[in-house]
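First up is the structure itself, then whatever we jot down about it.
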Amino acid sequence: MSMKRHVAMALVAIGCSPLLHAADMNKVLHAVFNAPETGFDPAKVSDVYSSSITENVFDPLLTYDYLARPAKLVPNTVTAIPQLSADRTTLVFHIKPGIYFAPDPAFKGKKRELTAADYAYTFKRLADPTVGSPSSYLVRGRFVGLDALVAKAKGGKLDYDTPIEGIRALDRYTLQLKLTEPAPGLLYILAMPHLGAVAREVIEAYGTNTNAHPVGTGPYMLADWKPGNHITLVANPNFRKIIFNYTDNSTPEAHRVASEMNGKLMPQVGRVEISVIQEEQPQWLAFRSGQLDISGLPQPAVRNALILDPKNPWRVALKPDMKAKGIQLSRKLDTEITFYSFNMKDPVLGGLGKDKIALRRAIAMSFNNEETIKDIRRNQAVPVQSIIPADVAGHNPGMRAKYPYNPALANALLDKFGYKIGPNGYRTQPNGKPLAVDFITDPSAIGKQWNEYWQKAFDQIKIKVNFRMMLWNEQVKTIRECKYGMAGGAWLADYPDGDNFAMLLYGKNIGDSNNACYQSPRYDALYEASQKLGDSPERNRLFDQMDKVAAGDTPWVYGDTRFRNFLSQRWVRGFVPHPVFNVAWRFVDIQK
Amino acid sequence: MSAYIIRRILQMIPTLFGVMLLVFTLFTLVGGDPTYILAGKHLTAEVLANLRAQLGLDKTLPEQFMIFVRQVLTLDFGTSWSTQQPVSDIISTRIGPSLTLTGSMMIVDLLIAIPLAAAVAYFRGGLTDRIVTIACTVAMSISALVYIIAGQYFLAYRMEMFPVRGWGDSLLTNLLVYVPLPLLMGLMVSLGPDIRFYRSFFLEEMNHDYVRTARAKGLSEKTVMLKHVLRNAMIPVVTTVMMSLPFLMIGALVLESFFGIPGMGNEVVMAVNKSDFPVIKAVTIYIALATMLFNLLADLVYKLIDPRVQLK
Amino acid sequence: MTATVQTAPGMAAPVSKSLWALGWQRLKRNKVGFISLWVVSVYLLIALGGWFNVVGGNWLNEIAVPYAPPSWVGASGADVMPADAYDASGVESSAPIVTLARQEDPIGKELTEAEKDAGRYKVEEVKKRESLPFGADLRGRDVLQKTLKGTSTSIFVGIFGAVLALLIGTTLGAVSGYFGGKIDDLLTWFYSVFTSVPDMLLLLSFAAVSGRGITTIIMVMALTSWTGTYRLVRAEYLKLKSREYVQAASAIGASHSRRMFVHILPNISHLLLVQFSLMTVALIKYEAILSFLGFGVGVRQVSLGSMLAEAPSELVQGYWWQMLAVTIAMSILVTAFSLLVDALRDALDPKVK
Amino acid sequence: MTQDNLLSIRNLKVNFRLESGERFEALKGISFDIPKHRTVALVGESGSGKSVTSMAIMQLLPSNNTEVDPASEILFNGKNLLTLTGSELRAMRGKDVAMIFQEPMSSLNPVFTVGDQIAETLMLHAGLGRSAAKKRVVELLTEVGLPDPAKKAGAYPHQLSGGQQQRVMIAMAIACEPKLLIADEPTTALDVTIQKQILELIAKLQKKHGMSVLFITHDLGVVGEFADDVVVMRHGVIRETGTVKQIFDAPKDAYTKALLNCRPHLDRRPMRLAVIDDFLREGGYVEPAERQRGYLPDDEIILDVQGLGKSFESREGLFGKHVFHAVKDVSFKLARGKTLGIVGESGSGKTTVGLTLVRLHEATAGKALFHGKDILSMSPREFQDYKRRIQIIFQNPYASLNPRFTVGQILTEPMMLHDIGTNQHERLQMARELLERVGLPENAMFKYPHEFSGGQRQRIAIARCLTMKPELLICDESVSALDVSVQAQVLNLLQDLQDEYQLSYLFISHDLAVVKHISDQVMVMNKGEVVEQADADDIYLRPKQDYTRRLLSSIPQGWVNEAIVAA
């Protein structure tokens, strides 16, 4: 993706203006989730769907520009993005006064203002053992004194009242953070919805059921929740006045959004009705019949909706009948990579010996990625060529780390290393022992489709494969414990920085996010070096080297990066997909 | 009578215990580990340990089973591991939609199937009988999935006769707007076998001697059929229906997922996929209890409508 | 009046017929049942053929383009973007290409050597067909072949599942009904536990703990559907064990097992046959739902259910042929099987003589 | 005929289409009359077509497989019932012609009260309102002698005894004062004492209401006291018609004669019972010599039963148990080569005694010394040997043979189990000999039980017992289900076998005439207890107990010459 000119600040907070109309409660946006959410306590949830809600209910310190590509951080509840101190470990945030929480019985009828102490509480809460937050990794080990506080809690409730050096509210509106060591990704982390401010009295009032009572300072608040089926958000009456004022006219999309939205108050839509629809047919039919306003385009419907160029996945157009209805197509490449990891500790597939590398390389070369992109992805994906995908800081668009599909070469390579074809038609290990790949997958229909292509790949190089199907949680467990042969994986950026991807192969992350259980001294050294640098050409060079090391050792078979096609109805205004935000509800308008 | 009821209720205890043992074994010993779902993308041993402690998974199995026993005795299953909502809330909000669909389905089914079955049985052996029987057989031979997939595509989307999916807040809206299509699909599946089933009840009764007596009295065929045969044939019908009532609670899984009905079927699948043990336990125990109670109730109703029955 | 004597009717039939033979005679007289029998036989032959890979053995071959339409349907020209109107958005970048050079590659040397031998493994590209008698699926496999093979799998799953369920149900039911007492109490307890737990939960949990594939499906089906047979067999044994011929067997000194299996079992065999057929039909349909829920057959296998599971996403795209093929194959099979069951039930009913 | 006839059947031909496509001629063109105010008895054995006749009158034959010859006529008051329309027919049924059936329990609708079912007829035909009908129901129930009629009107059929149910059926039938009452074997399912009451009731009502009655029965015995005219049928043909006097005193037809003589009589005991063939044969029937019965002092006692008891437990209340004593303190002795008859009404415990002795029930008290050894306290393993020596023949010939076994298998199975005969060939040979002995052809070996008639099946059952050469044979109502002619044959066979092999019989039956005929000693049982036990002749001629006397007086006497009554 070509680099584009950064867009000027998009959102400007201004004072009260009686002429502007706030959210119209009669404007209802119908949106869809493809999988059930789990809850709305920002500390407790980590999935995309739950985060889509918390993103709209809670305010982190920082946020992203809606139109800037690649994504650009902007202040949210603070006056400015702070400068790092000289030792690059201290940050001071100034919270804007006059930001209020949504009304809730826990406030006993009083308007409750957002303060620095709320953020301090929120951050500490992520580390609280009794919360069991899946996002604790975001704060643990980062802030001075926090780990000691956690250790003191001994698995019990954290003592929030003991001040710690790392997270301090200097006064009502000033928050100071002190880091244990410089952390390049920190500002991105501070923009994540998991770190959106919660009010301590609310959390304490709802005890264990905080998932059902999200109370934040964001544009929306929860009105109704039928878990796994339906969620209703309504505009937060206490939300501060923000007027859309986009100044970017560099792309047609930015121009359109600016002309549609400028001058209006955020948010425009009074109610957001979200249905959970897991099956693709009903989702697609519901959108076609106008029951949904914004919807992702389900894979199977691609042929119905889009005109494709089989040679170039970048080129698509809406079908004329859809266009005639005024349906709008928006597209983006996800900030994700998919891959198939080898378990580098597996006695058959793992290890850094040449014969093992050759085996993995042969498997990688036998998988026809182009075919799956064409058949399964319906041309809506591009092959992964680097650990770090496009639109993420550190991405090298010239990197070609993927091995081209070449089953003939794969076979020859296996012959070279003594993987002989046995009497049963399958290859054996060089030592004569039988060779079988333990491949774990999920039991879904789409999973089966992928397995069929993998089966074909293994058949071509005459290697026996056993698919071991298990539920999601069992898969995770098996992978974490390095007790498998091969498994599929996908990583969606938590924040748009290369560090978030490079860590996937870092040796110390085995048992955490290093699915491949890969440990290479060369890679680890490069990674540790990259940690000390910000986004810079220097760091990019390190990333390139890491890509090459990984390509050589082959702990992964590279997969693809999907396009996300969004369709919106004729009456939807101001919609554009964002690389980091899960949803754009607060940025859109409806004009029927 | 009361002695009978008390004894039957006492007999439920070992069955319930068996159900508990079965569910506990299936899900605790061999089921998935829910902590891996709750822990998110970045797992650390510490997070897993904390979660385990919170969920009570660090306790020994006998301890966990005792907790289960206590939950069953108090009928309080705590909160869902996945959403942390009280299980009682989840079940009470889920049961309504399921019953709205399955209940109306059952009522419409009975209203259509019984008269049709009686009519077909009356013309037994004739052309009408054969056509209806074969039509029912063909109808029931098509997979429910085909009905749902094709019905949603053609009736709702192409012909716009119904909304594609959805669920409202008021019972009336649901019944008038959202229920008809899934109801129709459900009926396509259930009517065939039910008509055949009820027809066999009618036929069976028509072979009894009392029908001959009724004819010998000079009663018209209509009276014989509608008074004497119907009343007797309703006995097995009512009992079968009573026995099936508890399973209305669990809803119609595929219908629910295709038509976006927030019912129990969806919830159960979601719970199993997420190893949400409290919800699974609660649903199983409630259904098991309902099954047993409805079996008892079926026997009592049986006694009520069939004077021959003696409760022992 | 004259005193002529007529022999009582049916006194001395020359050929003697067992109840099975009589049932067969009655079945032959039932037209619908007899036609159904033929249809089912053809299906069973297909199943057998599929088992030995005689029928549908080539279903895995990708012989056509993805979703090639049936030959009797006019090709619907898929919309393809015209080559002009070039949109350059994000396709190429000016960044220099970086790749892993051979000398940087740990196995670079071997790769270069292997390249020389790769020619041996080159496969000729075959021309993919544009249409097939009943169309193709995503991977360009013949839907007809796939349906035949899938039918075979489904029938085997149904039959083996039914056999296993029947075996469990009959054994437990026979023991329970025949011996009564404590054993009966225990087995009935077991039965009521199983029936009190919703099938779907049992199914989901069984499937969750065991792997995938035909064996699992059969096991899961058997474990969730033996209860009906148990109840039936138990009731029959309760009834028949006090029948006079069983008492007579006891009086002449036949052992328990002889009474259970030699005397009583053949007398419920017609019920078991009907139960078996009913269950086979039910399990074939059950398999479809299971496959849809993701507990289907393995990667190298295909069943009607696994084909149906592909239907929703195909229908949305307008590829209806696979669903149609499955629906036809399955509904003919199930209809014929069900009508056959009806006929069997009538033919084998000992009350009708 | 004269117009005094209420109903005239002319050349009635009825065919049934069988499933196999064949036609079965059930009635081959019969003609007879039912005069006004008289009782006509239609007598015949099973398969004679007597029930088909009654159903044809009511037009209740199944329409889908019945063919009535178009030339047939059933004239009721001159109108041909066969040509009536549906509504005319319904107006006739229940009003002009009413019917009662053999099985009162199944003939009543189980889910309506008996009062409702009677009232239904009244409301339909007599046009009564609900309350009027209700009142009339009580009157009717009073008339048929139902105790506490007002209360019983609200009862469901199953709450009444068999006799009471039949009374209800009768009340329903006479509710609209029909001109013709058809009674199709109304007493067959009832105990002998109840049977007598019902017959008397029908006779009384016939006189009172001046009805005509068509009385269908297989038992010539019950006809004598009630009928005016008798029609004897066999195989769809009328063999003989005449007044009761004619038929009993001077039967012309050989079959009628045979029927009259096949049944054991209370007043004589021939060496062998007459069978139909005896009469159809040239030369006619010669009355054989009388047989002497009774135990002799030096008879060898092979079975000595002392204080036998059997009780059944059933649950009652929350934890309570209800104990039902089926057999209480029964003691008797049985001598070699002799027969002990056990008689009693249903529920008297006589069958239980038989079943406990072969340990199909486990006795709860007492001893049974067989050759001095107590067979009741033996382990099942020890008893296995005794199974060979004590055998049982059951009541229902249709249920006592395994329908999936050929006769050959049935006969060789016991030999195989007891290692009789060295190989299968030898066993088959023995089985063939036995078949011949019980009077069945050799080709029966390869047939299945359903291919045989009831009498033949009972012979097979006897042959099965004989394979083991038992010493004691328990005959549990073994001839009760058979037609009288067949009954005689089987009784003769049993007698022959006893003479030949010195078998001892424990002969259990509710039929006093049969028991008298075959037994040396008779034991009368009632409610699980022994009422009286003595030599056969003593019991019948000099009963000591009231119960025995009542039982004996209920036995239908056949046609009783007025002269004898006067004497």
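As the structure is a computational prediction, the values presented were derived from the model and not from experiment. All chains are named by letter (A, B, ...) in the order of the sequence lines, taking the proteins before the strands, and each is independently numbered beginning at 1. What you see below is based on every heavy atom in this structure, not just the backbone, and it leaves out hydrogens, waters and symmetry mates.
A 6.0 Å sphere centred on CZ of D/Arg17 holds more than 12 heavy atoms belonging to other residues, nucleotides or ligands. Shown here is D/Lys134, whose NZ atom has no more than 12 heavy atoms of other residues, nucleotides or ligands within 6.0 Å.
Listed here is the closest heavy atom pair of B/Ile305 and D/Val111: O-CG1, 4.0 Å. Of all non-hydrogen atoms in D/Phe112 and B/Arg231, the two that sit nearest each other are CE2-NH1, 3.5 Å. Minimum interatomic distance between B/Asp209 and D/Ser106 (heavy atoms only, all atoms of both residues): OD2-OG, 2.7 Å. Minimum heavy-atom separation, D/His158 to B/Pro307: CE1-O, 2.6 Å.
Applying a 4.5 Å heavy-atom cutoff, the residues of residues 161-172 of chain D that approach chain B are D/Met169, D/Met172.
Geometric assessment of B/Arg212 against the ring of D/Phe101 yields a positive cation-pi assignment under the 6.0 Å and 45° thresholds.
The CG atom of D/Leu89 sits 12.5 Å away from the OG atom of B/Ser220 when rounded to the nearest 0.5 Å.
Of the atoms belonging to D/Leu60, it is side-chain heavy atoms, and not backbone ones, that fall under 4.5 Å from chain B.
Ranked by non-hydrogen atom pairs under 4.5 Å with chain B, the options D/Gln159, D/Gln117, D/Met92 are led by D/Gln117. Chain D forms the most heavy-atom pairs under 4.5 Å with one residue out of B/Thr223, B/Asp306, B/Ile5, B/Thr213, and that residue is B/Thr213.
Legend: salt bridge (Lys or Arg N to Asp or Glu O under 4.0 Å) pairs involving residues 106-122 of chain D, not counting sequence neighbours, sorted by first then second residue: B/Lys217-D/Glu120, B/Lys227-D/Glu120.
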task = Carefully, step by step, assess B/Asn232 and D/Asn109 under the rule side-chain contact (heavy atoms from CB on, under 4.5 Å).
result = CA-CA 8 Å; B/Asn232 278 284; D/Asn109 193 329; 2.7 Å; yes
